[in-house]
Visitor: 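Structure in structure tokens, see below.
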Amino acid sequence: MSSIPIVRTPADLRERLSQARSNGARVALAPTMGALHRGHLSLIELARAHAAVVVASVFVNPTQFGPQEDFASYPRDEAGDVAHLARAGCDLVYAPTPAAMYPPGFSTKVEVAGVSAPLEGSFRPHHFAGVATVVAKLLIQAAPDVAVFGEKDFQQLQVIRRLALDLDLPVEILGAQIVRDPDGLALSSRNAYLNPDERRVAPALNRALRLAAADLVSGAKVEDVESRSRAMIEEAGFDQVDYLEVRRPDDLSRLGPGPIEGPARILTAARIGRTRLIDNIAV
Ligand code: PAF
């Protein structure tokens, strides 16, 4: 049995946290959709380093899934998640019911224009509005001093930074480094969908990104790097590369077609079998 308390409504969350705050404690929030792996636990570690009280939310948010996506089959294991969180040193779990998050009559949508539009935004048109809406709610409900998000969803992290800035939310948004298996595959709850053959092919995504970053540093042209890397991923056995693009890290605007002159981020999404994997790398 877990030794950490679970709260299920915004009112219970507020009450718990106001007790902590009245003792002067800083609060960190780590939003998750559960199915926790080592990547999530690194979010808890980072949160711990910045606050005395660490809250993790576990909520599979229906509004960020498209109609053909994996909301129904998304892995769920609340008991396992709570046990992991207890071991990682989390103090409180916020696991609201869908009805507590989206009561009847719910009508508000938060849209972050610009940074939400390209890349994931063009393949999953309603995804970032769903993410921004639920994250805005979580940040308002928990009112944390800091909130941590994984860099694996790098575009999501930049959308959330923009959201917090634009809405004057008094929270520091922290990005946690990507956690990888030894062969380079970024940890993801969706890796559970890969069959053994697909799992063997999957690290090609990160290999292509590392090569692309090295090529850009040595002065290669963005357009050449992008097309070479896409071809590499498909030759390795992926069925389709949705995108592989070199972008400015802050607003994700396009770079190239020539060599880069400053910092960049390479972001990719590719499909293998029924699984869609994403990854990115700093340059
Ligand atoms: O990254 C995730 O797991 C989700 O998109 C988040 C931030 C918890 C919002 O549902």
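In listed order, ligands and their atoms are each counted from 1. Throughout, numbering of the chain's residues begins at 1 and tracks the sequence.
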Visitor: Which protein N or O atoms sit under 3.5 Å from any N or O of ligand 1? Give atom names and distances.
Guide:
from: ligand 1; atom 1: 1 (O); to: Gln156; atom 2: NE2; distance (Å): 2.8
from: ligand 1; atom 1: 5 (O); to: Gln64; atom 2: NE2; distance (Å): 2.9
from: ligand 1; atom 1: 5 (O); to: Gln156; atom 2: OE1; distance (Å): 2.7
from: ligand 1; atom 1: 10 (O); to: Gln64; atom 2: OE1; distance (Å): 2.6

Visitor: Considering only NZ, NE, NH1 and NH2 on the basic side and carboxylate oxygens on the acidic side, decide whether Arg48 and Asp91 come within less than 4.0 Å.
Guide: yes
Visitor: Going by an N to O cut-off under 4.0 Å, is there a salt bridge joining Asp239 and Arg274?
Guide: no
Visitor: Any side-chain heavy atom of Pro75 sitting closer than 4.5 Å to one from Tyr193?
Guide: yes
Visitor: Please determine, by modelled atom types, if Glu69 and Tyr74 share a side-chain donor-acceptor pair under 3.5 angstrom.
Guide: no
Visitor: Flag yes if Leu165 and Leu174 sit in one hydrophobic cluster, no otherwise; membership is Ile, Leu, Val, Met, Phe, Trp, Tyr, and two members link when side-chain heavy atoms are under 4.5 Å apart.
Guide: no
Visitor: Give a yes or no on whether a salt bridge exists between Arg199 and Asp183, defined as a side-chain N under 4.0 angstrom from a carboxylate O.
Guide: yes
